Amino acid sequence: KREKALRKLSREVAMKVIKTGKPLTLEPMNPFERRLIHLTLQNDTRVTTKSEGQGVYRKVKISPSGNSKQY
């Protein structure tokens, strides 16, 4: 259930990032959850994902990639 919710969240945040052209950082997550976000968005060329922070405070930052177009 959590996995499904995270996949949905990551796609929604990615769409927001694509629309606004501004990066967004998600709340701190455990390694499994962060990996899920990265895997869900890895084939979307419009955004890039990156983990930032230390230890339990690591978060995923979703940014527009250089080749994304504004709509």
Side-chain angles (χ1 to χ4, degrees):
K1 210 169 193 176
R2 174 86 173 134
E3 184 174 333
K4 196 173 181 183
L6 281 172
R7 287 185 189 279
K8 185 173 185 281
L9 170 77
S10 62
R11 285 191 290 267
E12 287 169 355
V13 172
M15 289 314 295
K16 197 181 228 181
V17 166
I18 292 161
K19 277 195 180 100
T20 64
K22 292 184 172 66
L24 284 171
T25 305
L26 303 176
E27 76 270 12
M29 296 178 188
N30 67 43
F32 171 78
E33 293 172 339
R34 287 197 313 274
R35 185 161 187 275
L36 198 60
I37 304 286
H38 291 303
L39 291 173
T40 302
L41 298 176
Q42 74 181 355
N43 294 324
D44 192 332
T45 57
R46 300 168 296 178
V47 293
T48 57
T49 60
K50 185 176 147 195
S51 289
E52 296 183 333
Q54 297 296 312
V56 295
Y57 300 108
R58 282 181 74 79
K59 304 170 183 162
V60 176
K61 183 176 187 179
I62 302 173
S63 307
S65 61
N67 60 1
S68 66
K69 301 223 179 354
Q70 298 292 314
Y71 295 106

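Note that the structure is a prediction, hence the values are computed from the model and not measured.
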Search all heavy atoms of [X] against all heavy atoms of [Y] and return the closest pair with its distance.
{"X": "Leu41", "Y": "Ala14", "answer": "CD2-CB, 3.8 Å"}
{"X": "Pro64", "Y": "Pro23", "answer": "CD-N, 3.9 Å"}
{"X": "Thr40", "Y": "Ser10", "answer": "CG2-OG, 3.3 Å"}
{"X": "Ile37", "Y": "Leu6", "answer": "CD1-O, 3.7 Å"}

pair Val13-Val60: side-chain heavy atoms closer than 4.5 Å: no

Pairwise side-chain contact, Pro31 with Glu33, heavy-atom cut-off 4.5 Å (strictly under): no

Residues forming a side chain to side chain donor-acceptor pair (under 3.5 Å) with Thr49, sequence neighbours excluded: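 Scan of Thr49 (side chain to side chain donor-acceptor pair (under 3.5 Å), adjacent residues dropped) gives His38.
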
Contacts of type side chain to side chain donor-acceptor pair (under 3.5 Å), residue Glu12, not counting sequence neighbours: Lys8

Please enumerate all residues that pass side chain to side chain contact (heavy atoms under 4.5 Å, CB included) together with [X], with sequence neighbours excluded.
{"X": "Lys59", "value": "Thr25, Pro28"}
{"X": "Glu27", "value": "Arg2, Met29"}
{"X": "Glu3", "value": "Arg7, Phe32, Leu36"}
{"X": "Asn43", "value": "none"}

Salt bridge (Lys or Arg N to Asp or Glu O under 4.0 Å) partners for Lys16, two or more places apart: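 By the salt bridge (Lys or Arg N to Asp or Glu O under 4.0 Å) rule, Lys16 matches no residue at all.
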
Residues that Arg58 engages under salt bridge (Lys or Arg N to Asp or Glu O under 4.0 Å), provided they are two or more places apart: none

Salt-bridge contact Glu52-Lys50 (side-chain N to carboxylate O under 4.0 Å):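 Yes, this pair counts.
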
ILVMFWY network linking Met15 to Val17, side-chain heavy atoms under 4.5 angstrom: yes

Ser65 side chain vs Thr48 backbone, donor-acceptor pair below 3.5 Å: no

